[in-house]
Amino acid sequence: QVRLIESGGGLVQAGDSLRLSCAASGRTFSSDTMAWFRRAPGKEREFVAAVYYRENTYYTDSIEDRFTISRDSARNTASLQMSNLKPEDTAIYYCAVDVDRTTHRIGLRIARAYDYWGQGTRVTVSP
């Protein structure tokens, strides 16, 4: 059974940093696209960042170089290092994996391109 488990969320102040982790099990994701999405209160889920198996990375523009996505294929994990957090970063952050390269056909930012999702980890940034 494939599982994605996020961790690392919490309550921080504006300007602080957090590192989110996604631990995958049930299959090896070394050849798959891994991504982070988020859902802010009252808003739709949105793409945050993705990393291809060759470690090419992509980000949404609103991140403004504050976030860094990475993966450790040997450990079957992905991380999202977030710095200079802002109140507008408050959201539940989800890890997602595309195992059949749908992202290559329809794009990284499309949630339905991903096959597996974690339960999410909550990030709250106070002013």
Side-chain angles (χ1 to χ4, degrees):
Q1 180 182 1
V2 174
R3 295 186 66 188
L4 301 176
I5 300 177
E6 303 95 335
S7 62
L11 171 63
V12 297
Q13 294 184 327
D16 285 350
S17 298
L18 276 177
R19 184 178 181 87
L20 306 184
S21 296
C22 174
S25 62
R27 63 169 275 146
T28 300
F29 293 102
S30 58
S31 299
D32 302 323
T33 300
M34 303 185 77
W36 289 91
F37 283 73
R38 67 184 180 185
R39 186 192 301 273
K43 295 187 177 180
E44 298 292 319
R45 180 173 47 186
E46 67 170 350
F47 170 81
V48 176
V51 55
Y52 280 127
Y53 75 99
R54 293 188 183 275
E55 303 194 11
N56 304 68
T57 56
Y58 299 86
Y59 301 91
T60 187
D61 291 342
S62 64
I63 298 307
E64 302 170 333
D65 298 326
R66 297 181 294 117
F67 293 6
T68 302
I69 188 172
S70 61
R71 67 188 300 160
D72 185 336
S73 295
R75 296 177 181 270
N76 228 20
T77 60
S79 298
L80 185 69
Q81 177 67 45
M82 307 186 294
S83 60
N84 191 21
L85 283 161
K86 303 178 180 181
E88 51 264 43
D89 295 319
T90 294
I92 299 174
Y93 285 72
Y94 299 90
C95 177
V97 176
D98 166 31
V99 302
D100 56 10
R101 303 206 171 197
T102 304
T103 53
H104 293 252
R105 297 194 301 274
I106 69 173
L108 292 163
R109 293 168 170 76
I110 309 300
R112 63 183 174 85
Y114 296 86
D115 305 286
Y116 299 103
W117 293 81
Q119 293 299 307
T121 184
R122 186 180 299 274
V123 174
T124 304
V125 185
S126 63

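Sequential numbering from 1 along the given sequence is applied to the chain's residues. Note that the coordinates shown come from a computational prediction; the quantities given were computed from them, not determined experimentally. Just so you know, these numbers use all the heavy atoms, side chains as well, and skip hydrogens, waters and symmetry mates.
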Where Ser30 and Asn76 come nearest, the two heavy atoms and their spacing: N-OD1, 4.3 Å
Gap between atom OG1 of Thr77 and atom CD1 of Ile5 - 0.5 Å precision: 12.5 Å
Thr103 and Ile110: CA distance, side-chain angles, deciding distance, side-chain contact (heavy atoms from CB on, under 4.5 Å) verdict: CA-CA 7 Å; Thr103 53; Ile110 309 300; over 6 Å; no
Side chain to side chain donor-acceptor pair (under 3.5 Å) involving Asp16 - partner list, sequence neighbours excluded: none
Output field: ring centroids Phe47/Phe37 closer than 6.0 Å: yes
Exercise answer: donor-acceptor pairs, residues 119-127 side-chain atoms, under 3.5 Å, sequence neighbours excluded:
from: Thr121; atom 1: OG1; to: Gly9; atom 2: N; distance (Å): 3.1
from: Ser126; atom 1: OG; to: Val12; atom 2: O; distance (Å): 3.3

Of all pairs that satisfy side-chain hydrogen bond (donor to acceptor under 3.5 Å, both in side chains), the ones with a partner from residues 106-118, not counting sequence neighbours: none
Residue pair Val97 / Val99: nearest heavy atoms and the distance that separates them: CG1-CG1, 3.8 Å
Enclosure of Glu88 CD (heavy-atom neighbours >12, cutoff 6.0 Å): yes
Non-hydrogen atoms of Tyr59 and Ala49 that approach each other most closely: CD2-CB, 3.5 Å
Side chain to side chain donor-acceptor pair (under 3.5 Å) against Thr60, all qualifying residues, sequence neighbours excluded: none
Intermediate values then yes/no, side-chain contact (heavy atoms from CB on, under 4.5 Å), His104 and Thr33: CA-CA 9 Å; His104 293 252; Thr33 300; 4.0 Å; yes
Gap between atom CG of Leu11 and atom OG1 of Thr90 - 0.5 Å precision: 8.5 Å
Shortest non-hydrogen contact from Ser31 toward Arg101: O-NH2, 4.1 Å
Cluster overlap Leu18 with Tyr94, hydrophobic side-chain contacts below 4.5 Å: no
Ion pair check, Glu46 and Arg38, cut-off under 4.0 Å: yes
Please tabulate, for the side chains in residues 65-72, all donor-acceptor contacts under 3.5 angstrom to protein atoms that are two or more places apart in sequence or on a different chain.
from: Arg66; atom 1: NE; to: Ile63; atom 2: O; distance (Å): 3.1
from: Arg66; atom 1: NH1; to: Asn84; atom 2: O; distance (Å): 3.0
from: Arg66; atom 1: NH1; to: Asp89; atom 2: OD2; distance (Å): 2.7
from: Arg66; atom 1: NH2; to: Asp89; atom 2: OD1; distance (Å): 3.0
from: Arg66; atom 1: NH2; to: Asp89; atom 2: OD2; distance (Å): 3.3
from: Arg71; atom 1: NH1; to: Asp32; atom 2: O; distance (Å): 2.6
from: Arg71; atom 1: NH1; to: Val51; atom 2: O; distance (Å): 3.4
from: Arg71; atom 1: NH1; to: Tyr52; atom 2: O; distance (Å): 3.2
from: Arg71; atom 1: NH2; to: Phe29; atom 2: O; distance (Å): 2.5
from: Arg71; atom 1: NH2; to: Asp32; atom 2: O; distance (Å): 3.0
from: Asp72; atom 1: OD1; to: Ala74; atom 2: N; distance (Å): 3.1
from: Asp72; atom 1: OD1; to: Arg75; atom 2: N; distance (Å): 3.2
from: Asp72; atom 1: OD2; to: Arg75; atom 2: NE; distance (Å): 3.4

Nearest-0.5 Å distance, OG of residue Ser79 to CE of residue Met34: 9.0 Å
Trp36-Met82 co-clustered via ILVMFWY side chain contacts under 4.5 Å: yes
Sequence neighbours excluded - disulfide bond (SG atoms under 2.5 Å apart) pairs with any residue from residues 55-127: Cys22-Cys95
Note, Gln81 side chain near Ser17 side chain (heavy atom, < 4.5 Å): yes
